[in-house]
Amino acid sequence: MASDMFFGLFGCGLLGLAAVATSLRLRRLPVPLRYAVILAAALAVFVPIGDLSIAAYLRGVTGDLSVTTLVLAGAACLAQLTGRTPIGQRDLRALCCLLVLAALFLYPFGLGWTSFDPYALGYGSIGFLTALLLFTMAAWWARLYLIVFVVITAALAYLANAYESRNLWDYLIDPLVSVYALASLLAPRTVFQQPASQSP
């Protein structure tokens with residue numbers, strides 16, 4: 001479907017923009033120059049080079065990225081463009097902990113080491129959906145709104161058939177964001193933190 005391709009390309013393109021914005025440290029540039037650079041980067045990422053764009057090539061390598069990756073990539077772009085931190089460290093750390101636990105639950109079992117396949121739960125398992133709902137409610141009660149936002153957005157994208165996959169896991173987590181989460185926990189300073197003020 002055309003919508004599948006659109007969201008897949010958009011997600012990979014957004015990840016590319018986040019990588020460019022972070023590597024160039026746009027927040028250190030004057031505001032007009034930040035937007036000029038990100039616009040030029042967007043054209044470079046999305047405009048086809050030959051038959052395919054950079055976003056399409058990236059999608060060929062990574063596949064469709066999870067909604068969680070898109071949220072974090074979008075937040076990284078906003079952090080570099082505005083100079084303001086869109087995600088609090090408490091929220092980010094909680095999300096990263098959850099992603100690492102989910103990856104440890106999902107990927108080792110998915111290798112076929114046991115007869116239990118947690119990936120199959122993503123195909124509409126009532127138990128999985130109920131557990132996800134209860135966990136989201138607990139996150140709301142704990143004021144971990146980033147987790148709530150990610151789960152609700154992923155669920156809406158799943159219901160809208162935004163991706164080709166019909167497995168809810170693919171909307172919630174992917175290997176890239178799992179690696180990012182682990183790295184973030186091991187090295188707490190992230191792209192969302194504003195640089196420390198320097199003494200004159």
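- Distance alone, capped at 3.5 Å, places no donor-acceptor pair between the Asp64 side chain and the Arg59 backbone.
- In terms of hydrophobic clustering, with Ile, Leu, Val, Met, Phe, Trp and Tyr side chains grouped at heavy-atom distances under 4.5 Å, Phe10 and Val150 are assigned to a common cluster.
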Donor-acceptor contacts, no H, no angles, side chain residues 170-178, under 3.5 Å, sequence neighbours left out:
residue : atom : partner : partner atom : Å
Asp170  : OD1  : Tyr119  : OH           : 3.4
Asp170  : OD2  : Tyr119  : OH           : 2.6
Asp170  : OD2  : Ser165  : OG           : 2.5
Tyr171  : OH   : Tyr163  : N            : 3.2
Tyr171  : OH   : Tyr163  : O            : 3.3
Tyr171  : OH   : Ser165  : O            : 3.0
Tyr171  : OH   : Arg166  : NH1          : 3.4
Asp174  : OD1  : Thr69   : OG1          : 3.4
Asp174  : OD1  : Leu176  : N            : 2.9
Asp174  : OD1  : Val177  : N            : 2.9
Asp174  : OD2  : Ser66   : N            : 2.8
Asp174  : OD2  : Ser66   : OG           : 2.7
Asp174  : OD2  : Thr69   : OG1          : 2.6
Ser178  : OG   : Asp174  : O            : 2.9

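- Looking at residues two or more places apart in sequence or on another chain, you find no side-chain hydrogen bond (donor to acceptor under 3.5 Å, both in side chains) involving Ser53.
- One distance of note links CD of Gln89 with OG of Ser184; it measures 7.0 Å at 0.5 Å rounding.
- The distance from the OH atom of Tyr145 to the CG atom of Asp91 is 9.0 Å, given to the nearest 0.5 Å.
- Between Thr22 and Ala76 the shortest heavy-atom distance is OG1-CB, 4.3 Å.
- Minimum interatomic distance between Pro86 and Ala79 (heavy atoms only, all atoms of both residues): CD-CB, 3.8 Å.
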Do any side-chain atoms of residues 120-144 form donor-acceptor pairs under 3.5 angstrom with protein atoms, and if so which ones, sequence neighbours left out?
residue : atom : partner : partner atom : Å
Ser125  : OG   : Gly127  : N            : 3.4
Ser125  : OG   : Phe128  : N            : 3.3
Thr130  : OG1  : Ile126  : O            : 2.8
Thr136  : OG1  : Leu132  : O            : 2.7

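- In terms of the side-chain contact (heavy atoms from CB on, under 4.5 Å) criterion, residue partners of Leu156 (sequence neighbours excluded) are, by chain and number, Ile152.
- Note that CG of Leu95 is 12.5 Å distant from CZ of Arg93, once rounded to the nearest 0.5 Å.
- Following chains of ILVMFWY side-chain contacts shorter than 4.5 Å, one cannot reach Leu92 starting from Val148, and the two form parts of different hydrophobic clusters.
- Nearest heavy atoms, Arg34 versus Arg27: NH2-O, 2.9 Å.
- Closest heavy-atom contact between Cys97 and Leu185: SG-CD2, 3.9 Å.
- Residues satisfying the side-chain contact (heavy atoms from CB on, under 4.5 Å) criterion with Val179, sequence neighbours excluded, are absent altogether.
- For the pair Val71 and Leu146, the minimum side-chain heavy-atom distance is below 4.5 Å.
- Residues satisfying the side-chain contact (heavy atoms from CB on, under 4.5 Å) criterion with Leu182, sequence neighbours excluded, are Val100, Leu186.
- Taking CG of Leu70 as the reference point, atom OG1 of Thr153 lies at 10.0 Å (rounded to 0.5 Å).
- Residue Leu39 is found outside any hydrophobic cluster, as its side-chain heavy atoms come under 4.5 Å of no other Ile, Leu, Val, Met, Phe, Trp or Tyr.
- The same ILVMFWY cluster, assembled from side-chain heavy atoms under 4.5 Å apart, contains both Val67 and Leu159.
- Leu24 forms part of a hydrophobic cluster together with Leu17, Val20, Leu26, Leu29, Val31, Leu33, Tyr35, Val37, Ile38, Val45, Phe46, Leu81, judged by ILVMFWY side-chain heavy-atom separations under 4.5 Å.
- Phe149 and Leu98 end up in the same hydrophobic cluster when Ile, Leu, Val, Met, Phe, Trp and Tyr side chains are linked at under 4.5 Å.
- Under a 4.5 Å side-chain heavy-atom criterion applied to ILVMFWY residues, the cluster that includes Leu101 comprises that residue alone.
- To the nearest 0.5 angstrom, Tyr57 atom OH is 14.0 Å from Cys12 atom SG.
- Val61 belongs to no hydrophobic cluster with other residues, because no ILVMFWY side-chain heavy atom falls under 4.5 Å from its own, directly or through intermediates.
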